[in-house]
Amino acid sequence: MTTRTLIQALGGYRAVAMRLNKKPTTVHTHMQEGVMPAAWYDALCKMAREQQVDEPPRSLFSFLKVTPTQTERDAA
């Protein structure tokens, strides 16, 4: 799944923008960049469930990454 296929499955960037109370250009820009704001995750999951679309993977969103611990770095 990509940001584009998700947005298209949810009715297109204009429909998603309306539901998120965002400008269509904002949704379109994030869709083109391939990464959506983490703040949109819950809303887009809800929209996906409503439309019986697979929920988006977290990898499509800009969640913060945690620096690995020394133990994790040593194990790699």
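Note: hydrogens, waters and symmetry copies are ignored here, and every other heavy atom, side chains too, is used.
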Identify every side-chain donor-acceptor pair in residues 28-39 under 3.5 Å, counting partners at least two apart or on other chains, and give the distances.
{"unit_1": "His28", "atom_1": "ND1", "unit_2": "Gln32", "atom_2": "OE1", "d": "3.4"}
{"unit_1": "Thr29", "atom_1": "OG1", "unit_2": "Thr25", "atom_2": "O", "d": "2.8"}

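- Heavy atoms from other residues, nucleotides or ligands lying under 6.0 Å from CE of Met1 number more than 12.
- Among residues at least two apart or in separate chains, side-chain hydrogen bond (donor to acceptor under 3.5 Å, both in side chains) pairs with a member in residues 51-68 are Arg49-Glu55.
- Around CG of Asn21, the count of heavy atoms belonging to other residues, nucleotides or ligands within 6.0 Å does not exceed 12.
- Between Val27 and Pro24 there is no side-chain heavy-atom pair separated by less than 4.5 Å.
- Here CH2 of Trp40 is found 10.0 Å from OG1 of Thr3. Values are rounded to the nearest 0.5 Å.
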Could you list the donor-acceptor pairs under 3.5 angstrom formed by side chains in residues 4-13, with sequence neighbours left out?
{"unit_1": "Thr5", "atom_1": "OG1", "unit_2": "Thr2", "atom_2": "N", "d": "2.9"}
{"unit_1": "Thr5", "atom_1": "OG1", "unit_2": "Thr2", "atom_2": "O", "d": "3.0"}
{"unit_1": "Thr5", "atom_1": "OG1", "unit_2": "Thr2", "atom_2": "OG1", "d": "3.2"}

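- Take Thr69 and apply the side chain to side chain contact (heavy atoms under 4.5 Å, CB included) test, not counting sequence neighbours, and it matches Thr71, Glu72.
- Residues passing the salt bridge (Lys or Arg N to Asp or Glu O under 4.0 Å) test with Arg14, sequence neighbours excluded: none.
- Under the ring pair (Phe, Tyr, Trp, His ring centres under 6.0 Å) criterion, the residue pairs touching residues 42-62 are Tyr41-Phe61, with sequence neighbours excluded.
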